[in-house]
Amino acid sequence: MTMDSERARLIEAFRAWKSEIFALTREIVAQRAFSNGKDELAAILKDLPVRNFDPVLDLRISDEAGEIPRTTNAAFRHAGYQPGMPETFTGLGFDLSAHERAVDAAGRFHQGVEVSLYNRGVYDFLAKTDAEIADECTAVGSAWQGAFDAIESAPIGGMHDVLALAGTIPRGDHYQYGFVTEVTPTGASTAAHEPLAYAEVVFNALIAVEFHRFMRDCLANLDLPHSMVVIVAEHDLIYVPHTHYRLPGPAAREHSPTPPSIRQAASTPGKTAVFGRRPQRP
């Protein structure tokens, strides 16, 4: 096999791996099966021959200071909302944004969540079906992208270690294409798959699932003035899939719909895939 053909084979194998991990992540998020999904992804990561990304296994995002509800209230206030107003604002977005990362004077990494508020003149979320909203979420540019009435930033906790780890990852073609070029003792060049690149894909997926778990728990306790659709994801980071929730306002809360059922875990976690065929180790 020539060098070029071997590189092409390795690139195709890496693309297939990423597609399978992304599909698995989307399924976990769609089913809200965060605990089982994290177990599934953790088993895949542990099955790889590198331990560089293991700190993500202990990731637990938190909001002990209550920044999410405080920032949400600030977004309504800055958009001019007054108690008793009709349902002018029907969409609320929570994005895990790469633009909201910072390093403090002590060298600790911090992550923020962008909170965006949208009025029904931009996109009437409440009048749209779940399928219509999902289609917009997966479009190159959604109907509401950039058309917010207010945008705020809420700092969240727990991400220092994974952000610090991500900052040490060297960037190059081998991380984009999943292979490295090696030189044999005879001086010939060969291409081989790069395990770190494969592991980083799962690392990113675990961050995405934990973020969605965190937001699901936050939204369960978020008080809104009226019914709204909440979008959770990030356009900039493709490994964080979009999902949306229909949150009832105070008057409708007693009649909120039953959440979707979640597939049960396999009897032997890590051995049998919970969400279909488990991606094969490279």
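Every value quoted in this text rests on a predicted model; they were computed, and no experiment measured them.
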Please name the residue in the list Asp149, Asp124, Thr90 that meets the side-chain hydrogen bond (donor to acceptor under 3.5 Å, both in side chains) test with Asn119.
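Among the candidates, only Asp149 passes.
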
Sort out for me which residue in Gln31, Arg26, Arg32, His212 forms a side-chain hydrogen bond (donor to acceptor under 3.5 Å, both in side chains) with Thr243.
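Exactly one candidate clears the test, Arg32.
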
Can you measure from [atom1] ([X]) to [atom2] ([Y]) and round to the nearest 0.5 angstrom?
X      : Y      : atom1 : atom2 : answer
Ile44  : Leu206 : CD1   : CG    : 8.5 Å
Glu87  : Leu224 : CD    : CG    : 11.0 Å
Ser142 : Ile133 : OG    : CD1   : 11.0 Å
Asp135 : His242 : CG    : NE2   : 12.5 Å
Glu152 : Thr72  : CD    : OG1   : 9.5 Å
Leu165 : Asp54  : CG    : CG    : 9.5 Å

Polar side-chain atom of [X] near backbone of [Y] as donor-acceptor pair, under 3.5 Å:
X      : Y      : answer
Glu67  : Pro155 : no
Trp17  : Tyr198 : yes
His110 : Val103 : no
Gln111 : Ser97  : yes

Flag side-chain contact, heavy atom, 4.5 Å: [X] against [Y]:
X      : Y      : result
Arg7   : Tyr177 : no
Val230 : Met215 : no
Phe34  : Asp217 : no
Met159 : Ile207 : yes

Holding to salt bridge (charged side-chain N to carboxylate O under 4.0 Å, His left out), I want the full list of residues that pass it with Arg60, two or more places apart in sequence or in another chain.
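So Arg60 forms no salt bridge (charged side-chain N to carboxylate O under 4.0 Å, His left out) with any residue.
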
Can you name the residues that form a salt bridge (charged side-chain N to carboxylate O under 4.0 Å, His left out) with Arg108, not counting sequence neighbours?
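With neighbours one apart ignored, the set is empty.
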
[X] to [Y] - nearest heavy-atom pair and separation:
X      : Y      : result
Asp95  : Phe211 : C-CZ, 4.2 Å
Phe94  : Leu219 : CE1-CD2, 3.8 Å
Pro225 : Tyr81  : CB-OH, 3.1 Å
Asp63  : Pro69  : OD2-CD, 3.7 Å
Val162 : Val56  : CG1-CA, 3.8 Å
Phe148 : Ser116 : CB-CB, 4.1 Å

Step-by-step side chain to side chain contact (heavy atoms under 4.5 Å, CB included) determination, Tyr118 to Tyr123
CA-CA 7 Å; Tyr118 303 93; Tyr123 189 81; over 6 Å; no

Run the numbers on Glu100 and Val113 for side chain to side chain contact (heavy atoms under 4.5 Å, CB included), then give the verdict.
CA-CA 7 Å; Glu100 297 298 333; Val113 174; over 6 Å; no

Evaluate the side chain to side chain contact (heavy atoms under 4.5 Å, CB included) criterion for residues Phe125 and Met228: first the C-alpha distance (whole Å), next the side-chain angles of each, then the deciding distance (0.1 Å), finally the verdict.
CA-CA 7 Å; Phe125 289 89; Met228 298 186 73; over 6 Å; no

Are Glu210 and Arg213 ion-paired here, with the side-chain N under 4.0 Å from a carboxylate O?
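Salt bridge: yes.
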
